[in-house]
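Atoms within each ligand, like the ligands themselves, are counted from 1 in listed order.
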Amino acid sequence: TRSTRPQRMLKAVQKNATKGNPKSVISAIDYFCKHSEWAMNVGDEKGSILDSVVTEVNPSTVLELGTYCGYSTVRIARLLSPGTKLITLEFNPANAAVAKQIIAYAGLQDKVILVEGSSGDLIPQMKERFGITTFDFIFLDHWKDRYLPDIKLFEECGLLRKGSVLLADNVICPGTPEYLEYVRKSPRYESKYFPAHLEYTKVEDGLEKSVFLG
Ligand SMILES: O=C(NCCO)c1cc(-c2ccc(F)cc2)cc(O)c1O
Ligand SMILES: [Mg+2]
């Protein structure tokens, strides 16, 4: 039967990237998306902003919502200090299976804990399952209608501390209007918008960085 786009992306990584070289995996995926098939990775323009925020925060505890094929997982994991792991949640088992292989091809499997399931179910389990007290950095890139309920869940579960940084993809396209209104109006967050474009296109999009004030 016909392969899926994530499977074709994985093939492109195995063909064009160098095993154990995260930078070449990132480049191979970006090339595939620019010249073969568009796919919903955060991409190189927004990815550079992601890199700069991760580098600035230098987090010890990291959560990604929405693994997809592992592109942003590789971008983040390659920048983490030795011994630091990132937890990434993916609802779609087929995508998780591809992501696992792309993360392994980059040689970053020891820095990543990939968990299959819904964020609504898994966020309340973070403390008991992974011994997390609070997250230093959270990247939101999953279903856009889950951003608002999940940030409220982080608050309710006591997973944020003064200075926790949340970075949200796609706040313009596809858009997360309710989430944006919440973080920009709430006195408990200091928010900043980073303008960019929808991955591999000229369509306007951007990232919203929100710091929890405690
Ligand atoms: O749904 C998304 N992510 C959760 C599932 O993994 C997502 C969608 C799009 C997108 C799609 C279709 C279009 F026409 C425009 C944007 C872009 C993204 O960056 C995304 O993260
Ligand atoms: Mg996205």
Open item on the list: I'd like to know: is the Mg ion (ligand 2) within the 2.8 Å range of an N/O/S atom from D141, strictly under that distance?
Closed with: yes
Open item on the list: Please report, to 10°, the angle around the Mg ion (ligand 2) from atom OD2 (D169) across to atom OD1 (N170).
Closed with: 80°
Atom indices of ligand 1, in the order listed, that fall short of 4.0 Å to a heavy atom of [X]:
{"X": "H142", "answer": "3 (N), 4 (C)"}
{"X": "D169", "answer": "19 (O)"}
{"X": "W38", "answer": "10 (C), 11 (C)"}
{"X": "E199", "answer": "17 (C), 18 (C), 19 (O)"}

- [ ] Answer yes or no for K144: is there a heavy-atom contact with ligand 1 below 4.0 Å?
- [x]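 A heavy atom of K144 does come that close to ligand 1.
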Open item on the list: I'd like to know whether ligand 1 has G66 as a neighbour, heavy-atom separation below 4.0 Å.
Closed with: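 Flag not set, G66 not near ligand 1.
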Task: Any side-chain heavy-atom pair of L213 and Y189 under 4.5 Å - done: no
TODO: Measure the shortest side-chain to side-chain distance between V115 and R129 over non-hydrogen atoms and say whether it is less than 4.5 angstrom.
DONE: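 Yes. Closest side-chain heavy atoms under 4.5 Å.
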Open item on the list: To check your reading of the model: name the closest protein heavy atom to atom 5 (C) of ligand 1, its residue, and the distance in Å.
Closed with: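 Protein heavy atom with the smallest distance to atom 5 (C) of ligand 1: M40 CE, 3.8 Å.
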TODO: Please confirm whether H142 and Y68 have ring centers closer than 6.0 angstrom.
DONE: no
- [ ] Measure up the F139 and F137 rings against each other and bin them: parallel (under 30°), tilted (30 to 60°), perpendicular (over 60°).
- [x] parallel
TODO: Compute whether any side-chain donor of one residue and acceptor of the other, for S118 and D121, lie under 3.5 angstrom apart.
DONE: yes
TODO: Decide if atom NZ of K127 counts as having more than 12 heavy atoms of other residues, nucleotides or ligands within a radius under 6.0 Å.
DONE: yes
Open item on the list: Please check if the number of heavy atoms outside F135 that lie under 6.0 Å from its CZ is greater than 12.
Closed with: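 Result for CZ/F135: enclosed.
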- [ ] Examine the proximity of ligand 1 to L198 and report which part, side chain or backbone, both or neither, has a heavy atom under 4.0 Å away.
- [x] side chain
Task: Per-residue contact class, N170 against ligand 1 - non-hydrogen pairs under 4.0 Å - done: side chain
Open item on the list: Please determine whether side-chain hydrogen bond (donor to acceptor under 3.5 Å, both in side chains) holds for the pair S191 and S210, giving the CA-CA distance in whole Å, both sets of side-chain angles, and the decisive distance to 0.1 Å.
Closed with: CA-CA 4 Å; S191 255; S210 305; 2.6 Å; yes
- [ ] Taking atom 14 (F) of ligand 1 as the reference point, report whether a protein heavy atom occurs under 4.0 Å from it.
- [x]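 Given the 4.0 Å cut-off, atom 14 (F) of ligand 1 does not count as touching protein heavy atoms.
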